[in-house]
Amino acid sequence: GKVLSSAPGHYLSPVISPDGKSLVYRAVGGGTLRSALYSEERGLYVQPVAGGKSRRLTREGWGPHFAGGASARVYFHTVTEESGKDDVRALKSVGLDASEERTHLTSDEASEYRVSPDGRWLAFRENFHAFLMPFPKGAKVAVASPDGKALPVAKLTRDSGGALHFSGDSKKLYWSLGPTLFSRELKAAGARRVVVLPVSAPFHCALMQPVVPRLEEVLRGLSFSKPSAPVVTNVEAVPNEDPARIVELLLKQVTGSVR
């Protein structure tokens, strides 16, 4: 084998970028079974595979991995503790030049995240079980939860599982339980192709259903007069002048398809 660094330390989770040029690893502290020496410079580091000086990317985080076939960013998991509040468990990424750190997902309970190599899927572990959902690529921070409604979520494990990782073609998820390695085809677990649409919100579909009660509350609190001209809504496509009926149609068009 090749020695990339002679600097002493406590190193974990080495991963090589898809282009084979960079090695990302985690430096941790010692103690208990390991010496407490060389424990100050903790965090995630990147180092050229060809040799050279290492550079710190972040001071926190674990589980570094690459996704989407890209070598310019690495994904990792963090936990932020806030006094009097639940911990915030996030999936983040950062450029290999230590720039543009982003938060992609948060969760109250997730203990592990893994983005598939093709960048389409996210596996996460919560309460000892593994779950699968489409990996959201929008600008807003999403929430990973077994009870999530915004995106479909599938439970993959029967008993328990950890050390989540995908096959190279992103068609299988592997996990371990004790000395046993398990795998499952994503398609068999209910995975379906997800197409990211160039829209600002998921209008006219069931994903907007949680908005309907709030909108109804607002509309019912308003007074509507007979319109000066017939109103044509996109769910009925016929002229209407009845204020009560118009309110009903306004609610329907949030989740209803366009006629």
Side-chain angles (χ1 to χ4, degrees), residues 1-81 89-106 110-125 130 135-137 141 161-176 179 181-183:
K2 180 180 180 180
V3 177
L4 296 182
S5 174
S6 59
H10 307 276
Y11 304 133
L12 303 173
S13 308
V15 57
I16 296 177
S17 60
D19 62 10
K21 296 180 179 180
S22 302
L23 172 72
V24 175
Y25 61 89
R26 180 186 177 201
V28 300
T32 311
L33 298 179
R34 301 193 308 271
S35 170
L37 296 175
Y38 315 112
S39 299
E40 295 183 1
E41 301 299 323
R42 307 182 189 189
L44 297 181
Y45 287 79
V46 62
Q47 182 173 341
V49 170
K53 188 176 180 180
S54 63
R55 181 175 62 255
R56 181 156 56 189
L57 300 176
T58 70
R59 292 181 178 275
E60 60 177 359
W62 66 88
H65 61 284
F66 292 89
S71 298
R73 299 189 69 80
V74 63
Y75 292 82
F76 57 97
H77 186 178
T78 65
V79 175
T80 302
E81 298 180 357
R89 302 167 181 269
L91 172 70
K92 298 182 179 182
S93 70
V94 67
L96 292 192
D97 58 357
S99 68
E100 297 185 12
E101 183 174 310
R102 304 173 190 167
T103 300
H104 300 275
L105 291 143
T106 60
S111 57
E112 187 177 353
Y113 292 111
R114 181 69 57 165
V115 184
S116 63
D118 62 7
R120 291 173 52 193
W121 304 102
L122 172 80
F124 65 97
R125 185 187 186 207
F135 179 55
K137 298 182 180 180
V141 177
L164 309 179
H165 59 286
F166 287 88
S167 59
D169 59 8
S170 299
K171 293 183 178 180
K172 283 185 178 181
L173 182 74
Y174 293 86
W175 67 89
S176 63
L181 179 67
F182 294 85
S183 70

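The model shown is predicted, which means the values in this text are computed figures rather than measured ones.
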Discussion item. Show, in sequence, the C-alpha distance, side-chain angles and deciding distance for V15 and L23, and conclude whether the side-chain contact (heavy atoms from CB on, under 4.5 Å) test is met.
Written reply: CA-CA 6 Å; V15 57; L23 172 72; 5.8 Å; no
Is there a side-chain contact between [X] and [Y], using heavy atoms and a 4.5 Å cut-off?
X	Y	value
S54	V46	no
V74	L57	yes
Y45	V24	no
T80	R89	no
L164	R125	yes

Between [X] and [Y], which heavy-atom pair has the shortest distance, and what is it?
X	Y	result
A163	S176	CB-OG, 3.6 Å
G30	S39	N-OG, 2.7 Å
G168	P117	O-CB, 3.8 Å
L44	G61	CD2-O, 3.7 Å

Checklist entry - Should T103 and L91 be marked as a side-chain contact (heavy atoms from CB on, under 4.5 Å) after you check the CA-CA gap, both sets of side-chain angles, and the distance that decides it? => result CA-CA 6 Å; T103 300; L91 172 70; over 6 Å; no
Just by modelled atom types, is the [Y] backbone N or O under 3.5 Å from a matching donor or acceptor in the [X] side chain?
X	Y	value
H10	L37	yes
S167	K172	yes
E60	G43	no
R26	G63	no

Rounded to the nearest 0.5 Å, what separation is found between the [atom1] atom of [X] and the [atom2] atom of [Y]?
X	Y	atom1	atom2	result
F166	H65	CZ	NE2	8.5 Å
F66	S71	CZ	OG	6.5 Å
L4	Y25	CG	OH	9.0 Å
R56	Q47	CZ	CD	14.5 Å
D118	F135	CG	CZ	11.0 Å
S183	W175	OG	CH2	7.0 Å

Note to self: For E101, give me all partners under side chain to side chain contact (heavy atoms under 4.5 Å, CB included), at least two apart in sequence or on another chain.
What the structure shows: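 Partners of E101 by the side chain to side chain contact (heavy atoms under 4.5 Å, CB included) criterion, ordered by chain and then number, come out as T58, F76, K92, V94.
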Open item on the list: Among residues at least two apart in sequence or on other chains, which ones pass ring-ring contact (aromatic ring centres under 6.0 Å, His included) with Y174?
Closed with: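 ring-ring contact (aromatic ring centres under 6.0 Å, His included) list for Y174, sorted by chain: H165.
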List the steps and the verdict of side-chain contact (heavy atoms from CB on, under 4.5 Å) for K171 and L173.
CA-CA 7 Å; K171 293 183 178 180; L173 182 74; over 6 Å; no
Open item on the list: Using a 6.0 Å cut-off, check whether atom CZ of F182 has over 12 heavy atoms from anything other than its own residue.
Closed with: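 It does: F182 CZ has more than 12 such atoms within range.
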Assign the ring pair Y75 / H104 to parallel, tilted or perpendicular, where the plane angle (0 to 90°) is split at 30° and 60°.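 Tilted.
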So, S93 versus R73: side-chain donor-acceptor pair below 3.5 Å or not?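 R73 and S93 do have a side-chain donor-acceptor pair below 3.5 Å.
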What I want to find out is whether R114 reaches E112 closely enough, with some N-O distance under 4.0 Å, to be called a salt bridge.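 So R114 does not pair with E112 through a salt bridge.
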